[in-house]
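From a predicted model like this one, the values you see are computed outputs, not experimental measurements. Note on naming: letters A, B, ... go to the chains in the order of the sequence lines (proteins, then strands), and numbering restarts at 1 for each one.
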Amino acid sequence: MEKVIIIRYSEIHLKGKNRGYFERVFHVNLEKSLKGLRHELHRLSGRWLVEKFEAGMEEEIAERISRVFGVHSYSVGLLVGSGMDDIFEGVRRVAPSAGTFKVETHRAYKNYPLTSMEVSAQIGGRLLSERPALQVDVHEPQSTVYIDIRENGRALVFGSFEAGVGGMPVGTSGKGLLMISGGIDSPVAGYMMAKRGMQVELLHFHSYPYTNEGAKQKVIALAEQLSRYTLVTRLTTVSVTHIQEEIHAKCAAELNVTLLRRFMFRIAERFARQNEMKCLVTGESLGQVASQTIEGLTSSNAVVTLPVLRPLIGFDKDEIIERAKKIGTYETSVLPFEDCCTVFLPEFPATRPKLAFIEEEERKLDVEALVEEAMGTAETIEF
Amino acid sequence: MIYLDNAATTRPDGSAFARAASFANECFYNPSARYGGGFSAAAALNEARGSLLSRIADAAKYELVFTSGGTESDNFAIFSAARRGNAVTTAGEHAAVERPFSELKNRGVEVRIAPVNRDGSADAAALLSLVDEKTALVSVMHVNNETGAVNDISAIARAVKAKNPRCVVHSDGVQAFGKLPFRMTNEIDLYSLSAHKIGGIKGVGALVKRRTLALSPLLCGGGQEGTLRSGTENLLGALDFAYAAEGVFASLSSRFERVRALQARLWGELDANLFTRISPENGSPYILTVAAAGTRGEVIQRMLWEMGVAVGTGSACSSKKPYSRVLEACGYGKELLGGVLRFSFSAKNTEEEIVEAARLANEAVREFQQKV
């Protein structure tokens, strides 16, 4: 009898002929998330089994599994022999001692001498005679004991299902580039794309010395927290200091932010293309701030041809905060380090900038040279 | 690196540390242990205690309690002394005093805050007018850490005691100890010290207290420090603090004169068109605070760091709390508040460093003005 963790996956069964590919990626991701812990990972039909881990490590393993996209649910259970006595021994370990219960049996091994119903009835009966405080209730039991009879003389016994994060294995939906700012929204946007299987790479813009070292450390901390889900452990930073100075010196103040964002999108797209990333991802939410009006979004989109995915576009701030708290990035996001220095912020930013005006102002700058220069400041941090 | 942020912390005195470390390494025993090694450790600790105390007060009237630093000393003093009635402080205090006073409010003590003058010194007359027969505690810092303004704490204490002899008077002396010539007069009851502002290591401080004053401890436990501060004594830190103090007090007046010349030189070299002086002329020479109107101190600070100069600042580049609470209380407007820089000296700074730092500060501000 051995403690094991049973992992069931979601949506992969929908993938027809690509199923093998999805399962391989899922397997690799599970292994990544369990890195550093002794274990063996085996596939059963339609599920994975984590076995042979050190005693007492099941909680840590379950915690890590709970963050892997593609996991539909998981259970901590026991691997036992498939004889009725062995099964009953396992059931005694996971069954409650009082209250109402039922036994639910599933047979993957269809040649088992008893039917599922018979197994449930016999095991339930033995349990009842041993524990008088138990009562059977097949409709709304307080607890359920699950028995899963596998091939090769083995069975799984467990007492509960824990919900996984769902989604699809990271890496099965291509690579995208998240523009991560240090605020609350962008990590959530990254999480949501990773949930749909995207490998989310990270790009952060800073304007040192107008912004500080603390802001960068904060983004690295966010990236680390996010990586528990996205499994991406690197971050590239690019300096837009000179660009901000140039815009400030030459262009209309109210367009400051609009113009800077257009530069950020250009740089992001160039970086994405160089690194085979197929889209840009941002944490923008419609109307949240001056630059996130439909006019603002349009002006940024106008300088790129890669698709820009904005998974939070229809979310309220409250909804985003709730998700950030769940993911664990919220506390870091609200640390008081500005990622964009107030020095350059206009008092009244344009909320509905006209494209013609933007382009006219932009002609005062050597856009290509500034983008190239910024690309030269790219630094990749592995953590 | 030209280090001009000595009010934040100082470079440790290497020889003091080596001396302290070598002793503490050998004599590692618990000072409370009742065998030879323990007694040796306790004796060394008490020697350090006596040595430190002798720098500042009369051992017949005062005693010294080791703490984990200035913040703990301030908290200890304030929470011990102010339990009822009202407590008075100034708008110029360090957060280690200001925050405990906020907490006092929650504990039902009435808090009265005296305004500060434009240089950050306490408005002594206003402060005095807040003291009445119900005042349990008055806390006034000795040297303002943001401007260098010096409060005549002896005179203030005397006037407070004249009005209410039972009132406890505390002063945060963190920026004064080992820098200004000063000895505690009878009217001051409590005085906070920190080791790392004078070449000691971080994590050590002391509260000097009048012997006859009863305090209740913040930390209870094994009863160390005469039951006033439980926890196994930090022998390494205490020795290091005493040795570092030995060094600075041996040459306190020559250092004072030297630093005064450095401060004057720096002010002379800074471009008068760019900088406004915040520090008073008669303040501590160890601090020179200036403001470059319309700039951001924090940004200039980082530009200077990249140029090889470390300085302090009066503001954080944050949209939520952009300006120094203390300098706002001094009555400065936004133009200057945003661009505050604090240069703070050590006698180890050279004149060349000062000239170079001033040149770079001028350059950084010009660059900022040109770009922003």
Side-chain angles (χ1 to χ4, degrees), chain A residues 181-184 205-219 237 239-254 256-257 259-260 288-291 331-349 364-365 370 373-374 377 379, chain B residues 1-5 8-9 95 99 274 291-325 328 333-342 357 360-372:
Chain A
S181 68
I184 297 166
F205 296 102
H206 68 85
S207 43
Y208 189 84
Y210 299 103
T211 55
N212 65 34
E213 215 23 53
K216 183 171 154 191
Q217 292 308 324
K218 173 177 161 181
V219 173
T237 65
S239 166
V240 289
T241 304
H242 191 213
I243 294 172
Q244 275 198 289
E245 289 169 352
E246 284 285 295
I247 294 173
H248 183 74
K250 296 179 180 161
C251 306
E254 71 265 32
N256 213 315
V257 178
L259 292 171
L260 178 62
Q288 190 183 96
V289 292
S291 61
E331 276 70 26
T332 306
S333 285
V334 297
L335 289 177
F337 294 108
E338 304 282 309
D339 45 38
C340 167
C341 188
T342 47
V343 180
F344 291 111
L345 287 185
E347 205 165 342
F348 299 106
K364 298 174 181 169
L365 305 169
L370 285 169
E373 186 197 327
T377 68
E379 267 179 72
Chain B
M1 167 58 52
I2 302 176
Y3 186 69
L4 292 175
D5 199 14
T9 193
R99 291 280 96 203
L274 302 177
T295 67
R296 295 306 286 259
E298 198 193 332
V299 176
I300 307 287
Q301 178 188 48
R302 288 195 285 274
M303 293 167 80
L304 282 171
W305 172 258
E306 296 300 322
M307 296 169 168
V309 186
V311 301
T313 165
S315 76
C317 190
S318 151
S319 52
K320 291 182 187 83
K321 193 175 163 287
Y323 307 123
S324 149
R325 157 182 62 80
E328 254 183 318
K334 281 185 185 170
E335 269 296 288
L336 286 178
L337 281 174
V340 172
L341 289 182
R342 181 186 69 181
L360 293 170
N362 290 335
E363 189 184 312
V365 169
R366 283 193 202 103
E367 192 184 325
F368 183 97
Q369 288 178 340
Q370 194 193 342
K371 284 178 171 172
V372 176

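- Using non-hydrogen atoms only and a strict 4.5 Å limit, the part of residues 362-372 of chain B facing chain A consists of Phe368(B), Lys371(B), Val372(B).
- Among all heavy-atom pairs drawn from Arg302(B) and Thr211(A), the shortest one is NE-O, 2.9 Å.
- Among residues two or more places apart in sequence or in another chain, the side-chain hydrogen bond (donor to acceptor under 3.5 Å, both in side chains) test is passed with Asp5(B) by Arg342(B).
- Heavy-atom neighbours of Lys364(A) NZ from other residues, nucleotides or ligands within 6.0 Å: above the threshold of 12.
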